[in-house]
Amino acid sequence: MRLRVEFTTEPFDLDEAPAHAVVAREVIQSAELDAVDVGPFGNTAEGGADAVLTAVDSLLRRTLASGATRVSLQINVIGEGPR
């Protein structure tokens, strides 16, 4: 199964990326995902279910430990099997 995750971390800081946002970017970019799009107001990534769920677990644990007060995410099934 293939999944797409969309997420944001808060609080926002328009002047400088907060530590939790930097950590989120590092987690997603280092995971075995494809179609990664990291932006200032939202982030998306796609991949196999195991890779996405592993990345989400790390994302939640590490961003909360780095000062995030809210993590909003949505996961959608986008297909069956590998890309």
Side-chain angles (χ1 to χ4, degrees):
M1 174 183 321
R2 288 189 50 76
L3 302 176
R4 176 183 299 125
V5 61
E6 302 174 50
F7 68 92
T8 58
T9 62
E10 296 178 38
F12 294 115
D13 183 343
L14 297 178
D15 294 327
E16 183 177 334
H20 60 81
V22 173
V23 166
R25 180 174 55 231
E26 290 171 355
V27 168
I28 291 302
Q29 290 179 332
S30 67
E32 294 184 21
L33 303 172
D34 43 62
V36 173
D37 183 20
V38 177
F41 299 109
N43 309 283
T44 62
E46 298 177 5
D50 287 339
V52 169
L53 296 174
T54 297
V56 166
D57 177 66
S58 181
L59 174 83
L60 292 172
R61 292 174 189 279
R62 293 186 56 200
T63 58
L64 292 170
S66 297
T69 58
R70 177 179 175 146
V71 180
S72 301
L73 65 92
Q74 179 174 315
I75 297 176
N76 294 322
V77 175
I78 58 172
E80 296 297 324
R83 181 176 181 174

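The first residue in the sequence is number 1, and the count goes up from there.
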- Item | Glu80 with Arg2: basic N within carboxylate O range, under 4.0 Å | no
- Heavy-atom nearest pair, Ser66 first then Ala19, reads O-CB, 3.9 Å
- Query: Which distance, rounded to the nearest 0.5 Å, do you find between the CD of Glu26 and the OG of Ser58?
  - Reply: 10.0 Å
- Message: For a side-chain contact (heavy atoms from CB on, under 4.5 Å) check, start with the C-alpha distance between Val77 and Met1, then their side-chain angles and the critical distance, and finish with the verdict.
- Response: CA-CA 7 Å; Val77 175; Met1 174 183 321; 3.7 Å; yes
- How many angstroms lie between atom CZ of Arg4 and atom CG of Leu33, to the nearest 0.5 angstrom? 12.5 Å
- Output for pair (Arg70 CZ, Thr9 OG1), nearest 0.5 Å, gives 11.5 Å
- Given side-chain contact (heavy atoms from CB on, under 4.5 Å), test Asn43 with Arg25 step by step and report yes or no. CA-CA 8 Å; Asn43 309 283; Arg25 180 174 55 231; over 6 Å; no
- Message: As an exercise, state the distance from CD of Glu10 to OG1 of Thr63, rounded to the nearest 0.5 Å.
- Response: 11.5 Å
- Task: Give a yes or no on whether Asp13 atom CG has more than 12 heavy-atom contacts from other residues, nucleotides or ligands under 6.0 Å away.
- Result: yes
- Euclidean distance, Gln74 CD relative to Leu3 CG, rounded to 0.5 Å: 12.0 Å
- Does the side-chain contact (heavy atoms from CB on, under 4.5 Å) test come out yes or no for Leu73 and Val56, once each step is laid out? CA-CA 9 Å; Leu73 65 92; Val56 166; 4.0 Å; yes
- Message: According to a hydrophobic-cluster definition based on side-chain heavy atoms being under 4.5 Å apart (Ile, Leu, Val, Met, Phe, Trp, Tyr only), do Val38 and Ile75 belong together?
- Response: yes
- Got more than 12 heavy atoms from elsewhere within 6.0 Å of CD, Glu6? yes
- Message: Could you go through Leu59 and Val23, starting from their C-alpha distance and side-chain angles, then the distance that decides it, and tell me whether this counts as side-chain contact (heavy atoms from CB on, under 4.5 Å)?
- Response: CA-CA 8 Å; Leu59 174 83; Val23 166; over 6 Å; no
- Item | Value rounded to 0.5 Å, distance of OG1 in Thr69 from NE2 in His20 | 6.5 Å
- Could you check if a side-chain atom of Ile28 sits within less than 4.5 angstrom of a side-chain atom of Phe7, using non-hydrogen atoms only? yes
- Between Ala31 and Ala55, the two heavy atoms sitting closest are CB-CB, 3.9 Å
